Structures are given as structure tokens and as C-alpha cells.
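Numbers here simply count residues along the sequence, with the first being 1. Counting convention: from 1, in listed order, for ligands and their atoms alike. Since the structure is predicted, the reported quantities are computational estimates derived from the model, not experimental observations.
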Amino acid sequence: MHSISAGAGRFAPSPSGDLHVGNLRTAILAWLFARSTDRSFLVRVEDLDRARAGSAERQLADLAAVGLGWDGEPVWQTGRSELYQDAIVQLADAGLVYECFCTRREISEAPSAPHAPAGAYPGTCRNLSDGERERRRRRRPAALRLRTGVAESTVTDQLHGEVSAAVDDFVLRRNDGVPAYNLAVVIDDADQDIDQVVRGDDLLTSAPRQAYLASLLGLPRVEYAHVPLVFNTHHRRLAKRDGAVTLESLQLAGFDAGGVRDMILDSVGLPSGPLDRALAVFRPEELPVDPWIFEPPETAAHAKV
Ligand code: GLU
């Protein structure tokens with residue numbers, strides 16, 4: 001007998017510092033999307049890159065403080081290297097991986113291929129001879145890139161509709177041996193039976209390449225919902241330097257965790273109070289698609305100086 005998996009949604013923060021209200025808002029929305037579709041809700045610590053000691057624990061504590069619960073233990077990416085390596089071997093066996101010796105600078109200075117979008121890898125190392133590869137290996141460890149067979153790919157997003165974006169020969173493993181985000185995210189989502197990806201819309205144009213990679217690996221498609229970011233009053237992405245934007249700093253400014261949760265719920269037109277109340281009336285199609293402009297309150301700490 002086959003058991004039918006109900007699937008799962010997730011929140012997958014990079015532990016590079018404290019979460020700000022934008023991250024907390026994305027987490028709450030991811031939870032609402034998952035729970036309103038009877039999915040489990042998982043948290044994954046994306047600590048392959050940019051990890052700061054103690055940051056993941058603080059992020060998890062902040063998620064719990066605003067009332068988010070998740071199923072099972074959070075998964076940490078470090079310690080899962082074998083999974084990523086197996087996927088690279090599978091792609092390499094299919095002839096879809098090549099070594100790249102380019103520096104960032106070489107890539108930005110190389111003439112781009114005709115019709116290639118800005119920033120696309122120009123293909124410099126795609127067809128090196130064995131001898132040339134041998135020579136370059138002695139100078140610099142190789143990154144591994146995907147030998148992409150399409151120019152672009154398309155996904156359907158619940159908030160943005162059909163979204164197409166270019167797919168270049170993106171990096172699978174960096175030249176320091178760390179699996180690249182685009183590979184890890186695809187492997188992890190599939191491994192965790194995640195079939196609903198809700199995250200900030202800064203990653204919208206990464207979704208097509210991730211969906212393409214999943215298809216090459218024979219992994220199931222996921223549903224996407226890319227939710228709006230939070231901007232500062234200059235209409236730039238919210239950052240720590242904008243002032244009281246983390247839970248801790250908002251607490252210093254006099255808000256408690258429930259107050260921060262309510263501020264976030266209010267920004268998406270949902271009732272304040274425990275998250276179950278918002279869940280009861282949550283409708284994805286009613287979500288704003290424009291960024292939330294957040295003006296940080298004066299903190300007590302700031303007020304003193
Ligand atoms: N770890 C990524 C971030 O914090 C999110 C990745 C994802 O949700 O796919 O930006």
C-alpha cells in the first residue's frame with residue numbers, strides 16, 4: 001500500500017544574524033500557507049553559508065516567541081553533505097557537470113554570450129580540453145557548474161502567476177567545496193517532502209532554475225508563493241542598520257513579541273492575536289503583493305543618545 005504524504009511547507013532562514021520583521025513576516029506567512037493547506041510546517045537552518053555562531057538558536061527562539069510552532073526538529077544543512085554529493089554524482093554521471101576555474105572578476109569581465117542575460121555565466125570553462133583543465137587545476141580549485149540545456153525555465157507562483165527566468169550554467173558546488181544554495185535547496189526540499197515553498201520575492205527569479213534542476217534530478221515539482229519583502233522608508237530592502245527591526249530591538253522599543261506579531265499580521269490585513277485566529281481567515285489571494293514599508297520605532301536605547 002502506498003501512503004499518501006500530505007506534503008510540507010517550510011521556513012529556511014540563513015543563520016547570518018537576527019531575523020528582522022521582514023523575515024518574521026515571511027515565516028508567519030509560510031506557516032499560514034502550510035497550515036491552511038493541511039501541510040506540516042518544517043524549519044530548516046541553512047547554515048552552509050553565512051552562518052554566525054549562536055544565530056540559529058536565536059532565530060528559532062524568535063520564531064517561537066512570535067507564536068510559530070513547527071513539526072519535528074529543525075534540520076541543519078551542515079551534516080547533510082552526502083546528500084548533496086550524491087546529487088552531484090548523479091548529475092555528473094549524466095554528463096551535466098563541469099569544472100569551472102573562473103574568478104568572479106574573470107566572469108564579470110568576460111564578453112557575454114549573445115542574448116545572454118546580465119550576470120549569466122559566459123560559458124568560459126564549458127568546453128575546456130582535458131589538458132587545459134589539468135593545467136588550471138594546478139592553479140586553482142574548481143567550482144562545479146551545471147551544464148544547462150535550456151535558456152530559460154518557467155514556474156507557476158501563487159502570487160505572481162507564470163514566471164520565466166533565464167537558467168545559466170549555475171554553480172552546484174563552490175570552489176571551497178561547499179554545496180551551492182541552488183543545489184542544496186532543491187535537494188533539501190525534496191528530501192524533506194516539502195512541496196510548498198513560501199519565501200521572500202527576492203528569490204522569485206531563482207525558482208525557475210531550481211525547478212529545472214529538480215526536473216533533471218527526477219524530483220517532484222513544488223508549489224511556489226513568493227511573498228513581498230519589507231522595505232525601509234527609502235524603499236530599499238529592510239536591513240539591521242535601519243534601526244529597531246529585530247525582535248530584540250523592537251522589545252527594547254517597548255513592543256512585546258505579541259505586539260510584533262500583531263504588527264506583522266496587520267501588515268497583511270489579518271486579525272491580531274494568536275496565529276490560529278489569522279489562520280481561520282487566511283486567504284492567499286488577498287495578500288498584498290507590494291512591499292510593506294516599515295518605519296522602525298525609536299528604541300529606548302536610541303532615545304537615550
Ligand atoms: N536561506 C535563504 C534565505 O534566508 C532562503 C532560501 C529559501 O527559502 O529557499 O534567504
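Side-chain contact annotation: T37 with R39, donor-acceptor N/O pair under 3.5 Å present. Donor-acceptor pairing under 3.5 Å is lacking for the side chains of Y98 and N127.
A donor-acceptor contact shorter than 3.5 Å is absent between the side chain of S272 and the backbone of D262. Judged by distance alone, with hydrogens and angles left aside, the side-chain atoms of R133 form a donor-acceptor pair with the main-chain N or O of L128 at under 3.5 Å.
Taking distance alone, with nitrogen or oxygen atoms compared against 3.5 Å, P13 stays at or beyond that limit from ligand 1. Note: an N/O pair closer than 3.5 Å links Y181 and ligand 1 by distance alone.
Less than 4.0 angstrom separates some heavy atom of R10 from each of these atoms of ligand 1: 7 (C), 8 (O), 9 (O). Contact atoms of ligand 1 toward E46: 1 (N), 2 (C), 5 (C), 6 (C) (distance under 4.0 Å to a heavy atom of the residue). Of all atoms in ligand 1, listed by their number and element, those nearer than 4.0 Å to a heavy atom of S14 are 1 (N), 2 (C), 3 (C), 4 (O). Of all atoms in ligand 1, numbered sequentially from 1 with element shown, those under 4.0 Å from a heavy atom of V185 are 9 (O).
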Could you walk me through whether F41 and F33 pass the ring-ring contact (aromatic ring centres under 6.0 Å, His included) check?
-> CA-CA 9 Å; F41 180 67; F33 269 91; over 10 Å; no
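Using a non-hydrogen distance threshold of 4.0 Å, F11 does not register as a contact of ligand 1. Ligand 1 lies nowhere less than 4.0 angstrom from a heavy atom belonging to Q210.
Counting protein heavy atoms only, atom 5 (C) of ligand 1 is closest to A12 O, 3.4 Å.
Taking the six-membered ring for Trp and thresholds of 30 and 60 degrees, Y224 and H226 have nearly parallel ring planes, at less than 30 degrees apart.
For the pairing with D169, the salt bridge (charged side-chain N to carboxylate O under 4.0 Å, His left out) check across R126, R145, R147 returns one residue only, R126.
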